[in-house]
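So the structure is just underneath, and the comments pick up after that.
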Amino acid sequence: MSTLDRAIDKAKTRKSRVVFAEMDDDRILEAANELEKLEICEPVGLAKPTKEHVSSIMESRGLKESVARRMLARPLYHAAAMVATNEADAMVAGAKSPTRRVIEAASIVIGLAENATVPSSFFLMLFPDGREMVFADCAVNVAPDSKSLAAIARASNASATALLGESRVALLSFSTGTSGTGDSVETVRAAAEATGFPGPLQADAALNPSIAAIKGTGFGDANTLVFPDLNAGNIAYKLARELAGAKAIGPILQGFRRPVCDLSRGASVEDIVAATAITLAMSPAWRTR
């Protein structure tokens, strides 16, 4: 059974309520109908604004009521407020909104998880030969410093463990070990030292046991690749998709107090269904109702 199939089965057992901030998009509407038909979740649209929604926004940043009401008029903030007040278990958005806007609304209203310091993202990569991998961060952090890169690695390790059953993290660089120098190498090295995950590693040493042995790293079986910056991550996942025929599910956001899914604006109905199922399968069993 594939990771996606397992995620769908797991999501079905949770019967989560998912608020879609962009139900006026035909793709979202069709995906919501499919999700409900398959019993993956209970899709909900934006509810009538309430005092509780306003209060959740006010309390999140100490805002005035007038400011909170203006923010609530925006669909992304409205959806986030529904999650913050337990009217929905997860939020899915991004079909019509840039990633930065989805993250902004989720950060302000829902907030980060207790041990998280930065939000980040990953793609679940499904390759034609059956390999399944996590690529991070491919959508959010442009140039993370060593502390942020360490946070991304920890979050990705948790996500991969939840989805793949086990995680083998590699912090990637153009240099393996001490073979190269430079600011980016030192950033990766510091993140590796802070987390205990192997790095810096070149991609071949992270993925190929023979090359890993030659380079003396002792690895070569990574299934969770953490890229040094957004340039590398975004380019890598798109090359894997276009040249190797990999299916990329995501970007899936990580680091928030409650599940938040950011969709690609080019997402198909199939993509939306898959990303929603993955998001729900990763979430802890914190439901209150």
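The structure displayed is predicted, hence computed values, not measured ones.
Crowding of D129 atom CG: a count of heavy atoms from other residues, nucleotides or ligands under 6.0 Å exceeding 12.
Residue D137 forms a side chain to side chain donor-acceptor pair (under 3.5 Å) with just one option from S121, S120, S156, S148, and that option is S121. Residue V134 is tested with L164, N223, N157 for a side-chain contact (heavy atoms from CB on, under 4.5 Å); the sole match is L164.
The CD atom of E22 sits 4.0 Å away from the OG atom of S97 when rounded to the nearest 0.5 Å.
Using a 4.0 Å cut-off between charged side-chain N and carboxylate O, R27 and E30 make no salt bridge. By the 4.0 Å N-to-carboxylate-O rule, D24 lies close enough to K96 to be salt-bridged with it. Looking at E39 and K37, no side-chain N of the basic residue comes within less than 4.0 Å of a carboxylate O on the acidic one, giving no salt bridge.
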Give the table of side-chain donor-acceptor pairs shorter than 3.5 Å for residues 190-206, with sequence neighbours excluded, one pair per line with atom names and distance.
residue	atom	partner	partner atom	Å
T195	OG1	A191	O	2.9
T195	OG1	A192	O	3.4
T195	OG1	F197	N	3.2
Q202	OE1	T176	OG1	3.0
Q202	OE1	K215	NZ	2.6
Q202	NE2	F174	O	3.1
D204	OD1	K215	NZ	3.3

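Geometrically, R131 engages F127 in a cation-pi contact, judged by NZ or CZ lying under 6.0 Å from the ring centre and within 45° of the ring axis.
Under the ring-ring contact (aromatic ring centres under 6.0 Å, His included) criterion, F227 pairs with F135, sequence neighbours left out.
Proximity of a side-chain donor or acceptor of S60 to a complementary backbone N or O of I108 within less than 3.5 Å is detected.
The closest side-chain heavy-atom distance from L263 to V92 is below 4.5 Å.
The ring-ring contact (aromatic ring centres under 6.0 Å, His included) contacts involving residues 22-64 comprise H53-H78, where partners must be two or more places apart or lie in separate chains.
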Take E65 and R69 through the test salt bridge (Lys or Arg N to Asp or Glu O under 4.0 Å) and record every step on the way to the result. CA-CA 6 Å; E65 181 176 350; R69 288 190 178 278; 3.0 Å; yes
